[in-house]
Amino acid sequence: MSAKSETVTAMNTAMNTAVNRRGLLAATAATGLTLAPVNFARAEDRPGPGSDGPHRTRTVRGTLSVGSPDYVYLPVEVPRGVAEFAVSYTYGKPPVPPGVQGNALDIGLFDERGTALGGRGFRGWSGGARTSFFVRSDAATPGYLPGPVRPGTWHIALAPYTVAPEGLPYEVTVTLRFGEAAPTPAPVYPPERARGRGRAWYRGDCHVHSVHSDGRRTPAEVAAAARAAGLDFINSSEHNTTSAHAAWEGLWGDDLLILTGEEITTRNGHVLAVGTDPGVFVDWRYRARDHRFGRYAHQVRRAGGLVVPAHPHATCIGCNWKFGLADADAVEVWNGPWTPDDEVALAEWDNVLVAAVRNKDDGPGRWLPAMGNSDAHREPDRLGHPQTVVLAESLSRRAILAGIRAGRSYLAESAGLTLSFAATDGRGAHAGIGERLRAAADAPVTVRLEVSGAAADCTVRLVTDQGVLLTTPLPAAGAGVVEWRTTPAHAAYVRAEVRHPPAVPGLPGAFAALSNPVFLDVAAGTAGR
């Protein structure tokens, strides 16, 4: 063809059937449907003498209806000699009445290796954060992975997040640029260890975003904000992409450990992969009814990471966690500034603790630690509000993840707030946060909380499996010690809350700090005393 651009009007309507009446849709795996292909592979599509540039463009238009599958794939036949694959797209956003969903269309890319679950062909995802992207061998738009543009069938993934009653009209423009491909640089990933302070309490934020998904900060700005917040570690957790894993070169240091991970953003909730091996991609294209989450939770652990459901009761569409907590290593009960959905997540987590200590048959039951993270995207979001403060043997990936997994941690609204929380019995035995103190059922146990750096008007609450058993103001302005006596028969665990005054009378105040529990186990042979 001598023309630079051709418009292909498909006007495809993606339905829940495998093939529509025009035959433009073909069934794929359970992940979605495939549209008619865009063909660049014909010999006459190659740029020739007299053309106005070594590139070709196609534009496809269509409409997705209410009830469209979660993922609709637009195949693109890529010939040899392509140096860059570029995409731009738009879609209609008609006004809708209050309470009616409007249009939202996410987008991503899979290369010639295919769209099968597991992500072997994954080349990038931007969700709804940008309207155009490119990939080539030496560079790519943030959210996408650089690498060769090999010949074969590529797929643009269209993901109708919500669809208005009148449908979602879209227009996708694909441009292939021909030429010699530059070498693909080897990725440089963050080291697994920083200098640290040996065995110590380390502060981190494991849920942060940058321009590599829907954030507005660059990685350099994220690292600077982490240092300004007094953090020792962060976790790179972009939505459905690993492109940021190689974006931190020169930004780590003796004072900052950077973990790599992902926010796996499904249609039934979001889950953090914390501290996975660099470059490991975890698929998100499933719902709870597909019974696939356990497989991908196992993949996260196999890659050395932790599985942490994020903001499990958030009210945004698709954010509410539907997969249960059986496959979780921890749960994010505090996400950004304290809100009512955090209060619901806290109550659910506490119920899980109660079940763990009341349903055990032999020995200690499995329990689920809590985490707090900022989910910071852009100014004025504050990194480290909140943060998870972890007791670890070193400032290393392995030690930090071990501390989180064991629940040797507490959550704080800033680096200025510090907790010390432990239980002792009359024989001098001691247990700290996340640990267990075994004593006779009726043995006196003293629980001691020490707080510094809190606001002057904060209140302390001690919570057990029996509920809130102590509420008292901090003894001094923002600091002080609270002691309480109990027995293992009366409290299977004790955890501490430090709260601000309530904004609404009669409701709990926002958190300043929250500890994971100290467990009080009845020593063998003493339960009947």
Side-chain angles (χ1 to χ4, degrees), residues 10-16 25 31-35 59-74 87-110 115 122 124-133 141-144 155-174 209-216 237-241 243 262-271 283-290 310-311 313-322 335-336 341 375 377-378 381:
M11 295 308 295
N12 297 323
T13 300
M15 307 295 289
N16 283 331
L25 296 177
T31 53
L33 296 176
T34 300
L35 300 168
T59 297
V60 175
R61 298 181 180 91
T63 298
L64 304 177
S65 66
V66 174
S68 293
D70 289 344
Y71 303 99
V72 176
Y73 297 100
L74 175 61
V87 176
S88 63
Y89 82 117
T90 61
Y91 61 92
K93 299 179 182 179
V96 293
V100 176
Q101 293 181 352
N103 284 334
L105 183 64
D106 292 349
I107 197 167
L109 183 67
F110 292 79
T115 63
F122 175 77
W125 183 255
S126 48
R130 49 180 47 91
T131 58
S132 63
F133 62 84
T141 300
Y144 294 80
H155 290 84
I156 298 167
L158 302 175
Y161 205 65
T162 55
V163 179
E166 57 266 57
L168 192 162
Y170 64 87
E171 179 178 292
V172 179
T173 298
V174 184
H209 294 279
S210 77
V211 294
H212 283 262
S213 58
D214 59 346
R216 292 293 178 268
S237 51
E238 308 294 357
H239 293 284
N240 296 344
T241 184
S243 70
E262 181 183 341
E263 183 172 5
I264 305 159
T265 306
T266 81
R267 296 300 180 88
N268 285 160
H270 304 184
V271 58
D283 216 319
W284 72 92
R285 293 170 294 160
Y286 43 83
R287 289 181 180 255
R289 64 185 177 221
D290 298 323
H311 45 66
H313 290 279
T315 56
C316 47
I317 295 172
C319 292
N320 199 268
W321 184 248
K322 301 291 188 183
N335 175 276
D341 58 89
D375 199 2
H377 283 69
R378 59 188 65 83
D381 297 351

What's the shortest heavy-atom distance between Glu263 and Ala310, and which atoms? OE2-CB, 4.3 Å

With sequence neighbours excluded, tell me which residues meet ring pair (Phe, Tyr, Trp, His ring centres under 6.0 Å) with His155. none

If you round to the nearest 0.5 Å, how far is CD of Glu238 from NE2 of His209? 6.5 Å

Report, one line per pair, each donor and acceptor closer than 3.5 Å where one atom sits in a side chain of residues 101-110; sequence neighbours left out.
unit_1	atom_1	unit_2	atom_2	d
Asn103	OD1	Ala164	N	2.6
Asn103	ND2	Gly92	O	2.9
Asn103	ND2	Gly167	O	3.1
Asp106	OD1	Gly128	N	3.1

Non-hydrogen atoms of Ala314 and Cys319 that approach each other most closely: CB-CB, 3.8 Å

Mind checking side chain to side chain donor-acceptor pair (under 3.5 Å) for Glu166 and listing every partner two or more places apart, or none if nothing turns up? none

Whether the side chain of Tyr161 engages the backbone of Gly127 through a donor-acceptor N/O pair (distance < 3.5 Å, no angle test) should be reported. no

Test side-chain contact (heavy atoms from CB on, under 4.5 Å) applied to Arg216 - qualifying residues, sequence neighbours left out: Arg378

Ignoring hydrogens and geometry, is there a side-chain-to-backbone donor-acceptor pair from Asn240 to Thr265 under 3.5 Å? yes

Rounding to 0.5 Å, atoms CZ (Phe122) and CZ (Arg285) come to a distance of 9.0 Å

Please enumerate all residues that pass side chain to side chain donor-acceptor pair (under 3.5 Å) together with Asp214, with sequence neighbours excluded. His239, His377

Run the side chain to side chain donor-acceptor pair (under 3.5 Å) test against Arg287 and tell me which residues pass, sequence neighbours left out. Asp70

Could you grab the distance from atom CZ of Arg130 to atom OG1 of Thr141, nearest 0.5 Å is fine? 6.5 Å

May I have the step-by-step check of side chain to side chain donor-acceptor pair (under 3.5 Å) for Tyr144 and Thr241, ending in yes or no? CA-CA 7 Å; Tyr144 294 80; Thr241 184; over 6 Å; no

Could you walk me through whether Glu171 and Thr59 pass the side chain to side chain donor-acceptor pair (under 3.5 Å) test, one step at a time? CA-CA 7 Å; Glu171 179 178 292; Thr59 297; 5.2 Å; no

The side chain to side chain donor-acceptor pair (under 3.5 Å) partners of Ser88 (sequence neighbours excluded) come to none

Pairwise distance CG(Asp341) to CG(Asn320) - rounded to 0.5 angstrom: 9.0 Å

Any chance you could measure Tyr89, atom OH, to Ser126, atom OG, to the nearest 0.5 Å? 6.0 Å

Would you mind telling me which of Thr90, Leu158, Val72, Thr63 makes a side chain to side chain contact (heavy atoms under 4.5 Å, CB included) with Tyr170? Leu158

Restricting to non-hydrogen atoms, name the atom on Pro160 and the atom on Ser68 that form the minimum distance, rounded to 0.1 Å. CG-CB, 4.1 Å

Applying side-chain contact (heavy atoms from CB on, under 4.5 Å), can you list everything that pairs with Val174, at least two apart in sequence or on another chain? Phe40, Val76, Phe85, Ile156, Val172, Leu176

Under the side-chain contact (heavy atoms from CB on, under 4.5 Å) rule, collect the residues that match up with Thr266, sequence neighbours excluded. Ile264, Asn268, Trp284, Tyr286, Phe323

